[in-house]
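Heavy-atom basis, side chains included; hydrogens, waters and symmetry copies ignored.
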Amino acid sequence: CEDERFCDNWCESLKAFNSEKQFFKYDEMNLLISFGNRFGYGDAEEQTELVNTTVSYFEEFESAAAREASKQGKLKLMLPIYVGAVVCILII
């Protein structure tokens, strides 16, 4: 990979990883690809800012996923109770 650019290797590796696992959503993939495209340009301060910005975006993605999982978890817990109540009403 000595003759290839980092961003090209980053993009190919990321797409290959995600095609197997389907780990990242579309927005997350775009963020990671743009990170790889901009990584290595500029001074250390700009690189630190790029990493911090990327981390903050992923923290937002993580909290949104946690909220969604919490909503679905409550539904999965309450669904058997609701079904049981409907069955009891139908029996009576």
Notebook entry, point to check: Out of curiosity, Phe58 CZ to Phe35 CZ, how far, rounded to the nearest 0.5 Å?
Noted result: 10.0 Å
Check: Which of parallel (below 30°), tilted (30 to 60°) and perpendicular (above 60°) describes Phe6 and Phe39?
Finding: tilted
Margin query: Taking transitive links into account, so neighbours of neighbours count too, which hydrophobic residues share a cluster with Val86 at under 4.5 Å side-chain distance?
Written below: Leu90
Check: If you count the non-hydrogen atoms of other residues, nucleotides and ligands that lie under 6.0 Å from CD in Glu62, is the total more than 12?
Finding: no
Item checked: Residue pair Glu28 / Lys25: nearest heavy atoms and the distance that separates them -> OE1-N, 2.8 Å
Do any side-chain atoms of residues 46-54 form donor-acceptor pairs under 3.5 angstrom with protein atoms, and if so which ones, sequence neighbours left out?
unit_1: Gln47; atom_1: OE1; unit_2: Gly40; atom_2: N; d: 3.0
unit_1: Gln47; atom_1: NE2; unit_2: Tyr41; atom_2: O; d: 2.3
unit_1: Thr48; atom_1: OG1; unit_2: Ala44; atom_2: O; d: 2.9
unit_1: Glu49; atom_1: OE2; unit_2: Thr53; atom_2: OG1; d: 3.4
unit_1: Asn52; atom_1: ND2; unit_2: Thr48; atom_2: O; d: 3.3
unit_1: Thr53; atom_1: OG1; unit_2: Glu49; atom_2: O; d: 2.8
unit_1: Thr54; atom_1: OG1; unit_2: Leu50; atom_2: O; d: 2.8

Checklist line | In one Ile/Leu/Val/Met/Phe/Trp/Tyr side-chain cluster, 4.5 Å: Phe61, Phe23 | finding: yes
Check: What do you reckon, is CD of Glu45 surrounded by more than 12 foreign heavy atoms closer than 6.0 Å?
Finding: no
Margin query: Go through it in stages, so that I can follow the logic: the residues are Leu31 and Phe24, the test is side-chain contact (heavy atoms from CB on, under 4.5 Å), and I'd like the CA-CA distance, side-chain angles, deciding distance and then a yes or no.
Written below: CA-CA 10 Å; Leu31 179 64; Phe24 298 112; over 6 Å; no
Check: Nearest 0.5 Å, what's the SG-CD distance between Cys7 and Glu12?
Finding: 10.0 Å
Check: Are any non-hydrogen side-chain atoms of Asn37 and Trp10 less than 4.5 angstrom apart?
Finding: no
